[in-house]
S.K.: 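Questions regarding the structure given below will be posed in turn.
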Amino acid sequence: MLVGIGLMPHGNPVLEPPDEETERLAEVLRRIGGEFRDADSYVLISPHNVRISDHLGVVLAENLVSWLGFEGKELPGEWKTDRELAEKIYRAEKEAGMPVVDLNFAALSGEYSRWPLSWGELIPLQFLERKPLVLMTPSRGVSRETLVRFGEILGEVLEREEKRVALIISADHGHGHDEKGPYGKVKESEIYDRLIMELINEDRLEELLSIPEDLVRKALVDSYWQMLIMLGAMRKAEFELKASAYACPTYFGMAGALWVRK
């Protein structure tokens, strides 16, 4: 059963908050971790793992290993894949005709079946108790409708599951908030981030599908595609928003939100 959903950023500032706004965001992330303490497994969707232009990925490697931090921040550790759940998700998506691939490395199973983790996974995981997980990756090269349908199938699989599963969406938002940042300052980043928070707080997530493609592109985001998958999964049960926060202490915007099953 899908017990809840956590939207979690993957920027270093949440680990050592530099200001009150970011501290409030970190508190929401700690609350997400507390809420999902009794979950059996996580499904974690990250934009910073393997990048596939026109397929979505489900990692089947048994061992998930810290490999790539951000801006020199090392977060060592190793996690286990919930291989049984990962295979169920992959088979269901494949049978439904989704553009999905299964991912492994070195060995099909056992000690040498290993897969690297980046900051996109490692930072959210710092706020979650260590549990088996299924790592999945979105794709920017498939349609919005495909991403939502992928999420619906994921939700159907989780609803049939006896385990208590939490869905974790790793996402940062506009990356053009600081003229001294690597992408400069663009007004679309502020527009997009403000809109995302309105959709979250006003229970209007279905309107994600109406966000203009031009805004998504110009806002320089890495949140939109996995949030569409989240939207599809949310359609399979009723959820209530329990907490949300936003912070932008550097050039990219970060948001946290916790939904629990009604």
Side-chain angles (χ1 to χ4, degrees), residues 1-8 10 29-50 56-66 75 77-94 98 100-105 108-111 113-118 120-138 150-171 226-227 229-239 242 256-262:
M1 181 177 70
L2 178 56
V3 297
I5 299 169
L7 177 69
M8 305 181 74
H10 47 251
L29 304 184
R30 290 190 286 269
R31 184 170 174 182
I32 291 171
E35 182 68 36
F36 297 151
R37 186 174 293 119
D38 295 331
D40 299 307
S41 300
Y42 310 123
V43 170
L44 171 57
I45 304 179
S46 169
H48 288 304
N49 206 267
V50 65
L56 297 100
V58 179
V59 175
L60 298 186
E62 286 194 14
N63 304 287
L64 306 169
V65 184
S66 174
L75 300 168
E78 185 167 323
W79 287 258
K80 290 288 186 180
T81 292
D82 186 332
R83 185 72 175 264
E84 179 184 26
L85 180 56
E87 289 176 344
K88 287 180 181 178
I89 294 170
Y90 170 70
R91 287 196 302 269
E93 300 284 1
K94 193 73 172 178
M98 290 293 101
V100 61
V101 294
D102 57 328
L103 301 165
N104 208 332
F105 181 76
L108 288 177
S109 61
E111 177 184 359
S113 174
R114 304 175 74 79
W115 193 265
L117 297 180
S118 78
E121 306 82 58
L122 293 169
I123 291 178
L125 286 170
Q126 301 309 300
F127 295 90
L128 301 167
E129 290 201 1
R130 193 161 302 200
K131 297 178 185 293
L133 62 101
V134 179
L135 175 58
M136 301 169 60
T137 64
F150 187 91
E152 290 176 340
I153 297 165
L154 171 63
E156 291 166 2
V157 173
L158 298 183
E159 282 301 286
R160 295 193 297 266
E161 188 66 26
E162 291 184 2
K163 296 172 183 174
R164 294 169 52 83
V165 183
L167 176 60
I168 306 299
I169 304 298
S170 173
Q226 55 270 37
M227 290 187 73
I229 298 174
M230 179 187 79
L231 172 63
M234 293 180 86
R235 289 177 172 178
K236 297 304 170 178
E238 292 189 20
F239 297 92
K242 289 293 187 180
L258 167 64
W259 291 270
V260 298
R261 196 183 185 98
K262 289 184 179 179

S.K.: Run the side chain to side chain contact (heavy atoms under 4.5 Å, CB included) check on L75 and I123 step by step: do they pass?
M.R.: CA-CA 8 Å; L75 300 168; I123 291 178; 3.8 Å; yes
S.K.: Which residues pass the salt bridge (charged side-chain N to carboxylate O under 4.0 Å, His left out) test with R31, sequence neighbours left out?
M.R.: none
S.K.: Considering all heavy atoms of both residues, which atom of S113 and which atom of L60 are nearest to each other, and what is their separation?
M.R.: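 For S113 versus L60, the nearest heavy atoms are OG-O, 4.5 Å.
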S.K.: Can you find a heavy atom in the side chain of V50 that is under 4.5 Å from one in the side chain of W115?
M.R.: yes
S.K.: Hey, are the side chains of W259 and M230 touching, using non-hydrogen atoms and a 4.5 Å cut-off?
M.R.: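 A side-chain contact exists here, since the closest heavy-atom pair is under 4.5 Å.
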S.K.: List the atom of I169, the atom of I5, and the distance in Å for their closest heavy-atom pair.
M.R.: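 Of all heavy-atom pairs spanning I169 and I5, the closest is CG1-CG2, 4.4 Å.
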S.K.: Is the side chain of Q226 donor-acceptor paired with the backbone N or O of P138 at a distance under 3.5 Å, no angle test?
M.R.: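 Flag not set: sc Q226 to bb P138 has no pair under 3.5 Å.
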S.K.: Taking D82 for its side chain and L133 for its backbone only, find out whether a donor-acceptor pair lies under 3.5 Å.
M.R.: no
S.K.: Answer whether the closest heavy-atom distance between the side chains of V43 and V165 falls below 4.5 Å.
M.R.: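 Yes, at least one pair of side-chain atoms sits under 4.5 Å.
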S.K.: Side chains of P47 and H10, heavy atoms from C-beta outward: is any pair under 4.5 Å?
M.R.: yes
S.K.: Can you tell me how far CD1 of I168 sits from CG of L135, rounded to the nearest 0.5 angstrom?
M.R.: 12.5 Å
S.K.: Please round to the nearest 0.5 Å and tell me the distance separating atom CG of L258 and atom CG of L7.
M.R.: 10.5 Å
S.K.: Compare all side-chain heavy atoms of L64 with those of K80 and state whether any distance is below 4.5 angstrom.
M.R.: no
S.K.: At what distance, to the nearest 0.5 angstrom, does CD1 of I229 lie from OG1 of T137?
M.R.: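 Reported to 0.5 Å precision, the distance equals 8.0 Å.
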S.K.: Does a salt bridge link E84 with K163, judged by any charged N lying under 4.0 Å from a carboxylate O?
M.R.: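 Yes, charged N to carboxylate O under 4.0 Å.
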S.K.: Going by heavy atoms in the side chains, are I89 and L154 under 4.5 Å from each other?
M.R.: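 Yes, close enough: below the 4.5 Å cut-off.
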S.K.: Decide side chain to side chain contact (heavy atoms under 4.5 Å, CB included) for K262 and F239; before the verdict, give the C-alpha distance in whole Å, the side-chain angles of both, and the deciding distance to 0.1 Å.
M.R.: CA-CA 5 Å; K262 289 184 179 179; F239 297 92; 5.7 Å; no
S.K.: With heavy-atom distances below 4.5 Å as the criterion, would you say the side chains of V58 and L103 are in contact?
M.R.: no
S.K.: Measuring from atom OH of Y42 to atom CG of L125, what distance do you get when rounded to the nearest 0.5 angstrom?
M.R.: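 CG of L125 is found 8.0 Å from OH of Y42.
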S.K.: As an exercise, state the distance from CZ of R164 to CZ of R261, rounded to the nearest 0.5 Å.
M.R.: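 One finds 10.0 Å between CZ of R164 and CZ of R261.
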S.K.: Do S170 and L44 have side-chain heavy atoms sitting under 4.5 Å apart?
M.R.: yes
S.K.: Kindly give the heavy-atom pair with the smallest separation between V100 and E93, and that separation in Å.
M.R.: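 Taking every non-hydrogen atom into account, CG1-CB, 3.8 Å.
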S.K.: By the side-chain hydrogen bond (donor to acceptor under 3.5 Å, both in side chains) test, which pairs, at least two apart or in different chains, include something from residues 121-136?
M.R.: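 Residue pairs with at least one partner in residues 121-136: R37-E129, S46-E121, N49-E121, S118-E121.
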S.K.: Got a second to check how far L158's CG is from L85's CG, nearest 0.5 Å?
M.R.: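 It comes to 6.0 Å.
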S.K.: Taking all atoms of both residues into account, what is the closest heavy-atom pair of G120 and H48, and its distance?
M.R.: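 The pair with the smallest heavy-atom distance is CA-CB, 4.0 Å.
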S.K.: Kindly indicate, with the supporting measurements, whether the criterion salt bridge (charged side-chain N to carboxylate O under 4.0 Å, His left out) is fulfilled by R114 and E78.
M.R.: CA-CA 10 Å; R114 304 175 74 79; E78 185 167 323; 3.2 Å; yes
S.K.: List the residues meeting salt bridge (charged side-chain N to carboxylate O under 4.0 Å, His left out) with E156, not counting sequence neighbours, and say none if there are none.
M.R.: R149, K236
S.K.: Work out which heavy atom in I32 is nearest to a heavy atom in A257; give both atom names and the distance.
M.R.: CD1-O, 3.5 Å
